[in-house]
K.L.:
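Take a look at this one; I'll ask things after.
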Amino acid sequence: MLVSSAASAADPFGVFDRVPPSPVAELRPAAVCDAAVPTGPITLARAVERALCANPATRSAWLTARLRAAELGQAYSAYLPSLSISGSASRAGDRALPNDRNAWQLGLDAQYLLYDFGGRAAQRDAAEALLAAARASQDDSVRQLYLQTVTAYFNLLTAQGAVNVAREAEASALAAFKAATARVAAGTAIPFDRLQAKTVYTQRQIERIRAEGEAARMQGELAALMGDTRQTGFSVIDSEAAFSQMPDLSAAVDSLIEAARNRRPDLRAAEATVLAQQAGVRSAEAAGKPSLSAFYGAQRQDNGSLAATSSSVGINLTIPLFTGYRNTYQIAAAQTQAGLAAEERDRVANQVALDVWRAYYSVKSETEADSRSADLVESAAAAEKLALGRYQAGLGILLDVLSAQANLAQARQTQLQTRLGLRVARAQLAQAIGDLSWDWLEPAQQEGKR
């Protein structure tokens, strides 16, 4: 009971209850931030959860929402009277007349604003809108970090796959080098074949080394998103369920854009900011108008020889006559800020449409490319095997072998990029239309919960 009373006293207007208790916001119900450093194999869901809990971006957005809630509480406090008590105590005396006296004074003052032509209401509306904007911005920050983590995770998987492709290409180049060496030794090929094969083999070694360095860099980027670049003692595992769902592309892109404008949190934040600035215009206009307030004061004083009690009650009317045109320019500044906020809202709306347009056609093109990547690898692998066999049998030329091996390496890289690129494109489309939720990470678990 004591804890409950203290909490309610700390937040009498209940404004902090309007801010999610976790930086993850409502993205994942009942989310509990795990402070343990991830080690060993981690899934995409674990990486996203760690990033949302530990990355400073989400905590900063959450604290900003808490700040706006506190400012809303300040706006509500203007509707309540203010009370203050003052007191003083002194001791007076004279060396010529040693008759020291004690004196004290105690006073109580109360002030209550009765009417101010909507100034308090405008400040309250502005604070309400700013809190809504902060909540929407927090939601947007969470989902942006979600998308960044998904992209970084799939980029790391792609980089690790590229290492495997580079190692396979290196092994193929080594086989060609050995075949060329054997044919030169047997006198069925010229020494130039051996030198050319060795050059390609060395080049494949360099490509493998660079691919390993790129994979290490990608792991550092994912670790940074998860809150600490020192977290490199983990590995990623591909979960086929994550972003395996195919978005419904039957709807026209125009309808998806319209849906996105109703759901995107960054557009909601921009619209709430416009409302806040419009309320700021009303507040600036009310600042130049009269205000009516009531007051009460009581005082008790005693200086040793005389004691007295006094009190007063009345109404204060304040009418601004001339403020050096300060209010004129305050209103002009507030109107300009409202205009800027409206332009920013329109810019965000245009950006939403562009994001949906890009993501929509990216998913369509990546889907088409992925459907053909398997055939590409299959035909390239068959061509490489045939070319190497013919060369080993003394029927083909080395140039055909090296060309087939290069085509196979490129085909494997293309298949890797299209498969993981398609899942990134799905994430980008979900983010663009405002549908990026936890269901994309754990569809089976979320379906079971429902």
Side-chain angles (χ1 to χ4, degrees), residues 11 13-16 18-19 56-57 59-82 111-141 144 261-262 264-295 315-355:
D11 186 18
F13 299 113
V15 293
F16 292 125
R18 300 168 61 174
V19 178
R59 295 196 58 83
S60 176
W62 178 69
L63 290 173
T64 300
R66 294 270 301 180
L67 173 61
R68 296 292 177 253
E71 292 174 349
L72 177 60
Q74 296 176 38
Y76 278 126
S77 69
Y79 285 91
L80 298 180
S82 61
Q111 296 282 339
Y112 182 52
L113 181 62
L114 299 176
Y115 188 69
D116 64 347
F117 285 90
R120 287 179 299 182
Q123 293 173 1
R124 179 202 60 204
D125 293 344
E128 288 272 10
L130 288 175
L131 175 57
R135 286 287 311 278
S137 295
Q138 180 191 1
D139 194 15
D140 182 57
S141 296
Q144 288 287 352
R261 285 175 172 167
N262 294 327
R264 280 277 292 264
D266 51 346
L267 186 54
R268 293 202 312 269
E271 291 173 345
T273 302
V274 171
L275 295 178
Q277 296 300 337
Q278 291 173 348
V281 174
R282 300 198 304 271
S283 177
E285 292 172 345
K289 295 178 181 179
S291 62
L292 185 65
S293 60
F295 67 89
I315 293 179
N316 245 336
L317 176 63
T318 303
I319 303 176
L321 297 178
F322 182 69
T323 60
Y325 301 106
R326 181 182 67 251
N327 295 108
T328 301
Y329 290 107
Q330 286 178 340
I331 294 172
Q335 291 172 339
T336 303
Q337 289 177 344
L340 288 172
E343 294 298 329
E344 176 64 15
R345 176 199 57 198
D346 295 341
R347 185 199 66 80
V348 174
N350 290 338
Q351 185 63 47
V352 167
L354 181 59
D355 290 345

K.L.:
Starting at CG of L130, measure out to CG of L275 and round the result to the nearest 0.5 Å.
P.N.:
10.0 Å

K.L.:
Assess the residue pair E128 and R18 against the criterion (salt bridge (charged side-chain N to carboxylate O under 4.0 Å, His left out)); give the C-alpha distance rounded to whole Å, side-chain angles, the decisive distance to 0.1 Å, and a yes or no.
P.N.:
CA-CA 11 Å; E128 288 272 10; R18 300 168 61 174; 2.6 Å; yes

K.L.:
Got a second to check how far Y76's OH is from R124's CZ, nearest 0.5 Å?
P.N.:
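It comes to 6.5 Å.
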
K.L.:
Specify the closest pair of heavy atoms between D116 and L113, including all atoms of both residues, with the distance to one decimal.
P.N.:
OD2-CD2, 3.6 Å

K.L.:
For A334 versus A284, what's the shortest heavy-atom pair and its separation?
P.N.:
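In this case the closest contact between A334 and A284 is CB-CB, 4.2 Å.
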
K.L.:
Would you mind checking if R347 and E344 are paired as a salt bridge, meaning a charged N to carboxylate O distance below 4.0 Å?
P.N.:
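Answer for the salt bridge query: yes.
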
K.L.:
Crowded around Y79 OH? As in, over 12 foreign heavy atoms under 6.0 Å?
P.N.:
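Result for OH/Y79: enclosed.
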
K.L.:
Mind checking the CZ-CD spacing from R345 to Q277? Nearest 0.5 Å is all I need.
P.N.:
12.0 Å

K.L.:
Flag the pair V348 / R264 as yes when at least one side-chain heavy-atom distance between them is below 4.5 Å, and no otherwise.
P.N.:
no

K.L.:
Would you compute the distance between atom CG of L317 and atom CD1 of I315 and round it to the nearest 0.5 angstrom?
P.N.:
9.5 Å

K.L.:
Is any side-chain heavy atom of L267 closer than 4.5 Å to one of D140?
P.N.:
no

K.L.:
Keeping the roles fixed (side chain from S283, backbone from A279), state whether a donor-acceptor pair exists under 3.5 Å.
P.N.:
no

K.L.:
Are E71 and R68 ion-paired here, with the side-chain N under 4.0 Å from a carboxylate O?
P.N.:
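Yes.
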
K.L.:
At their closest point, which heavy atom of I319 faces which heavy atom of P290, and how far apart are they?
P.N.:
CG1-CB, 4.0 Å

K.L.:
If you look at every heavy atom in Q138 and A65, which pair is closest and at what distance?
P.N.:
OE1-CB, 3.9 Å

K.L.:
Of all heavy-atom pairs between T323 and P320, which one has the smallest distance, and what is that distance?
P.N.:
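In this case the closest contact between T323 and P320 is CG2-CB, 4.4 Å.
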
K.L.:
Would you give the length of the straight line joining atom CG of N327 to atom CZ of F322, rounded to the nearest 0.5 angstrom?
P.N.:
10.5 Å

K.L.:
N350 side chain to L354 main-chain N or O, any donor-acceptor pair under 3.5 Å?
P.N.:
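No, because the side chain of N350 does not come within donor-acceptor range (under 3.5 Å) of the backbone of L354.
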
K.L.:
Please find the pair of heavy atoms, one from A286 and one from G118, that lie closest to each other, and give the distance.
P.N.:
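That closest heavy-atom pairing would be CB-C, 4.2 Å.
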
K.L.:
In Å, rounded to the nearest 0.5 Å, how long is the span from CZ of F117 to CG of L292?
P.N.:
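Separation between the atoms: 9.5 Å.
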
K.L.:
Could you tell me whether a side-chain N or O of S60 sits under 3.5 Å from a main-chain N or O of P56, the two making a donor and an acceptor?
P.N.:
no

K.L.:
So does A78 get a backbone contact from the side chain of R120, meaning a donor-acceptor N/O pair under 3.5 Å?
P.N.:
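Yes; judged by distance alone, with no hydrogens or angles, the pair exists.
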
